[in-house]
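Here the structure is a predicted model, which means the values were calculated and not measured.
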Amino acid sequence: MEKTTYVALELLLLVTFCLCNTTVQCQKRSISRISADPPSPSVAPGHRNRFERIILSIFLGLATGLIFSFLFACIVRCFIRYLGRTPILKGPVIFSPKIAPKTLQSALANENQLLGSSPNGKYYKTVLDNGLTVAVKRLEPFENGSPETHSKSVKRRMQEELEMLAGLRHRNLMSLRAFVREPDRFCLVYDYMTMGSLEDAMKRVRENELQLSWELRLRIAVGIVKGLQFLHFSCAPKVLHHNLKPNNVLLDAEFEPRLADCGLAKLMPNLDREVSAYSAPECFQNCRYTDKSDVFSFGVILGVLLTGRDPMDTFFGEASSGGSLGQWLRHLQQAGDPREALDRSILGEEVEEEEMLMAVRIAVVCQSDFPADRPSSDELVSMLTQLHSF
């Protein structure tokens with residue numbers, strides 16, 4: 001790309017030099033003609049007209065040279081832009097040396113184990129020929145006749161967005177290992193997380209099939225907010241998660257959280273209209289989404305970790321609970337009885353209870369109705385790590 005730019009600039013300079021050189025030679029010949037004429041006490045009308053024609057020729061030559069140089073520069077610039085366009089790739093695009101394109105295509109063609117589904121796609125567990133287990137998300141197909149199925153510019157933009165997301169590397173993010181563009185949708189390939197999602201874990205906790213201590217829950221909360229901090233403050237431009245909820249928080253074998261579906265809002269227009277108990281009020285009111293909207297969603301997740309309750313529970317639909325998990329926590333805090341909200345299975349030592357009560361305050365402020373009243377993800381990292389040493 002840089003070599004092409006240099007060649008184009010050299011051509012431009014060469015043409016400009018030739019034009020200027022021609023103009024200078026014309027000027028020299030004109031001056032020599034004037035000098036060759038015998039001096040006379042007075043300039044004859046014929047000589048004056050010839051002198052004016054020479055000046056006009058020089059001026060027109062300069063103007064023509066500048067115009068052609070400008071046009072040539074525009075043509076070169078358009079040509080460079082054309083060469084610099086992102087090509088639309090066919091077949092698997094791989095970002096991991098452990099995955100071979102043919103192996104991935106062969107695995108995708110087989111019947112795979114369904115792990116879960118959401119409005120924007122389904123997750124499958126896939127085992128490659130080399131024994132590597134990966135998770136594949138098949139995005140929902142585009143609507144028939146939609147621009148996504150025909151427009152090359154839309155396909156190119158989506159491919160560029162996926163390549164940008166594949167470049168994000170953080171301990172608390174699900175790394176995109178590959179993607180495959182099919183005629184009507186994309187398939188995204190991630191690492192397989194053995195413990196499933198945070199939603200699965202909390203469901204098992206409510207059914208008394210899994211015990212999660214407060215220390216482990218707090219570590220999960222810190223990992224989530226560190227992932228948000230990276231997206232909001234270390235990425236240029238800033239990346240918004242846009243769909244943060246326990247289903248999109250996956251846990252590895254050590255219960256370290258990793259955020260999935262980061263930035264897919266630009267790929268899936270339906271995500272812009274998807275609202276849930278984890279969505280901030282501004283998403284309902286004016287469809288505005290900022291980094292503080294991600295913070296609101298994190299506040300709901302923190303409330304789930306503290307209470308063990310599902311925010312979609314009918315309990316929060318009653319007037320006595322305020323209509324939401326956040327309103328319920330705020331009401332208990334203002335009444336001076338936030339301990340009533342805590343999950344009984346994690347109540348124990350007095351020091352831990354003090355940490356949990358401080359975490360309730362953080363969850364409440366994260367779920368403030370006004371974005372300006374919520375802390376940033378950067379501030380949340382300090383607030384939560386001060387509760388416990390990690």
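Under the 4.0 Å criterion applied to side-chain N and carboxylate O atoms, Arg217 and Asp343 are assigned as salt-bridge partners. Salt bridge status for Glu256 with Arg219: present, with a side-chain N to carboxylate O gap under 4.0 Å. Ionic pairing of Arg339 and Glu353 is present here: one or more N-O contacts between side-chain nitrogen and carboxylate oxygen are shorter than 4.0 angstrom. Under 4.0 Å is where a charged nitrogen must lie from a carboxylate oxygen, and between Glu379 and Lys292 no such pair does.
Counting heavy atoms from C-beta outward, Tyr123 and Leu114 have side chains that stay 4.5 Å or more apart. Residues Leu212 and Met202 are in side-chain contact: their nearest non-hydrogen atoms beyond the backbone lie under 4.5 Å apart. Side-chain contact between Leu139 and Cys187 is absent, with no heavy-atom pair separated by less than 4.5 Å.
Open room surrounds CE on Met358; 12 or fewer heavy atoms of other groups in view lie less than 6.0 Å from it.
For the residue pair Ser234 and Gln229, no side-chain donor N or O sits within less than 3.5 Å of a side-chain acceptor on the partner. In this structure, a donor-acceptor pair under 3.5 Å is present between the side chains of Asp294 and His232.
The shortest heavy-atom contact between Asp252 and Arg258 is OD2-NH2, 4.2 Å.
Note: Tyr289 and His242 have parallel aromatic rings, judged against thresholds of 30 and 60 degrees for the angle between ring planes.
Atom CD1 of residue Ile362 and atom CG of residue Leu380 lie 7.0 Å apart, to the nearest 0.5 angstrom.
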